[in-house]
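Numbers here simply count residues along the sequence, with the first being 1.
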Amino acid sequence: MRRVTLLLVVLLSASLLLVPASAVGPRGGSAFNTPEPYGDDAANLRIVKTVKHAIQNTVPSRRHPHPVINISTFLLDWTPAVNALIDACRRGVEVRVILDDEIDNWNSRRLITALNSDNVPDRDRNGVADRDPRAGRCNRPLRATHGGLRTMPGALSQDEQFDTFTVRRAVRSVQAPHADSVTWGRDGSYVKTCKGSCRGKGGNMHSKFYLFSDTRSSHHVVMVSSSNLNRGGAELGWNDMYVIKGRKKLYRGFRAMHRLMTDDVRATADKVQVKDGPFIARFFPMRNASRATDPTLHDLAKVKCHGPLGRTKINVSMFYWKGWRGDYLLDKLATLGHQGCKIKVVYGAPSRWIATRMRDLAKRRIIQLWDSRWDYNDDGFNEVRTHAKYVLVRGHVGRDRRAYRVWTGSQNWVTGSLSLSDETSLNIGLRSAYVSYLEHWDTLRDHSRRLPYSVYGR
């Protein structure tokens, strides 16, 4: 009997090993890419491939006949992701994508053509609107209203290419829908862009989150990242992503925000956040936001520099850091450094003023500082830098004297990220997340230059 049981265990283990990685749901937790020249293609594309695999694994089933993918990304030019989204639409997945309003690459127009051809009425040579859309579901051929088969810019298979919208057609197709946006077009799929930000006045649509109602064995999947679905972000910048599964409240909060962004519902002055277990998601802009209402400053204000874990440690990776908001957040870090916290910062694109201030603080040993930028071909432009925007805290935070915190998302430390642009931040209260992020920060530091040179050398 024991031999039979052992044989069954061995056979079961072998069968599990034969299941391809793409056939299971995404792994929860953190994911990081390694840009060129430090990583190979697999390391470069680790984050965007995680999103692509989740798209490919979103399939209608008897249990979940109408799965939905919601995406918000500032940039989109990576061909495999666009192919995966178009394929998902064709197999019955409702694909809803929000982009920034710079429609200037072939891949973004290709996705717009595929998802929006059934949303936009066609026009004759005189500019008169036809009551029919340009094409059927997911850009498939559409029968004419008066008999016959209309010739539409659709492809019937993945191998065939279809004519993309012109820029003018693409721009017209991504305006706010005339009817209920959830069923915008017969396939329930669309691409939407916003003039500036979706929920603010000015700014940009800068959020980067990826939602999946069901993807293989996982459900209510939320992915929050600093990375867009573009090759440049994979090859030129250090980025992070955190994957959360099975948190219905969090998922529904993100999905509701996606709908508000689609419908251009203006932000209020209040903080918008969703708390679900160890996760707090916040959505911006906050209209008329100020230093007094800045959630990031409030988080830092809870930090105390001594506790049972010793001196509190704060590690920062920040891409864009400038202006009035950048100044007061740096002031707070300096204050915490004076109070005994161990502050370590890697920067990517600070203003000259902020960089000068940080170098002075490093020279006086109030913080430790590294520059992640490298110009490898001496053309005057930095080919690689950190694009991640996160803060790690180990120590005393509020009432928790043994805290492990990760604060991440799309938000840079600039004023517009608080009050103008569509942004998302995610606070994580898990030691496992802190450990994985700290390992990434250490790797990033090891590929950066220590500052100031006169004190520390490299």
Give a yes or no on whether a salt bridge exists between [X] and [Y], defined as a side-chain N under 4.0 angstrom from a carboxylate O.
X: D77; Y: R231; answer: no
X: D400; Y: R405; answer: yes
X: R357; Y: D360; answer: no
X: K248; Y: D276; answer: no

Would R291 pass as a cation-pi partner of W324, given that its NZ or CZ must be under 6.0 Å from the six-membered ring centre and within 45 degrees of the axis?
no
Please determine if R110 forms a cation-pi arrangement with W106, meaning its NZ or CZ atom is less than 6.0 Å from the six-membered ring centre and no more than 45° off the ring axis.
yes
Grab the two heavy atoms, one from [X] and one from [Y], that are nearest each other, plus how far apart they are.
X: I86; Y: A114; result: CG1-CB, 3.7 Å
X: C198; Y: I98; result: SG-CG2, 3.9 Å
X: P350; Y: M358; result: CB-CE, 4.0 Å
X: G340; Y: R311; result: O-NE, 2.7 Å

Would you check if there is a donor-acceptor pair between the side chains of [Y] and [X] at a distance under 3.5 Å?
X: E423; Y: S207; answer: no
X: S117; Y: N139; answer: yes
X: T408; Y: D240; answer: yes
X: Y437; Y: S317; answer: no
X: S372; Y: T386; answer: no
X: N315; Y: K344; answer: no
X: T424; Y: S410; answer: no
X: D422; Y: N204; answer: no
X: N239; Y: S226; answer: yes

Ring center gap for [X] and [Y] short of 6.0 angstrom:
X: F283; Y: F254; answer: yes
X: W441; Y: F32; answer: no
X: H447; Y: W374; answer: no

Hey, what do you get for [atom1] ([X]) to [atom2] ([Y]), rounding to the nearest 0.5 Å?
X: K389; Y: K208; atom1: NZ; atom2: NZ; answer: 6.0 Å
X: K192; Y: I112; atom1: NZ; atom2: CD1; answer: 12.0 Å
X: L229; Y: T79; atom1: CG; atom2: OG1; answer: 11.5 Å
X: F284; Y: L418; atom1: CZ; atom2: CG; answer: 6.0 Å
X: D187; Y: D118; atom1: CG; atom2: CG; answer: 4.0 Å

Got a sec: does the [atom1] of [X] have more than 12 other heavy atoms crowding it under 6.0 Å?
X: K52; atom1: NZ; result: yes
X: Q339; atom1: CD; result: yes
X: Y320; atom1: OH; result: no
X: K332; atom1: NZ; result: yes

Is it the case that the side chain of R325 and the backbone of W413 share a donor-acceptor pair, with hydrogens and angles ignored and the cut-off at 3.5 Å?
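Not confirmed, R325 side chain does not pair with W413 backbone.
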Expected output: side-chain D100 to main-chain M205 donor-acceptor under 3.5 Å:
yes
Please tell me if the side chains of [X] and [Y] come closer than 4.5 Å, counting only heavy atoms from C-beta onward.
X: V221; Y: L211; answer: no
X: I354; Y: D327; answer: yes
X: V384; Y: Y376; answer: yes

Evaluate V345 against W370 for side chain to side chain contact (heavy atoms under 4.5 Å, CB included), listing each step before the verdict.
CA-CA 6 Å; V345 176; W370 288 262; over 6 Å; no
Evaluate side-chain hydrogen bond (donor to acceptor under 3.5 Å, both in side chains) for H219 paired with Y251, printing each intermediate quantity in order.
CA-CA 9 Å; H219 61 90; Y251 170 84; over 6 Å; no
For S448 and Y347, run side-chain hydrogen bond (donor to acceptor under 3.5 Å, both in side chains): C-alpha distance rounded to whole Å, both residues' side-chain angles, the deciding distance at 0.1 Å, then the answer.
CA-CA 9 Å; S448 303; Y347 65 56; over 6 Å; no
With sequence neighbours excluded, what pairs up with K271 under the side-chain contact (heavy atoms from CB on, under 4.5 Å) test?
Q273, R282, M286, P295
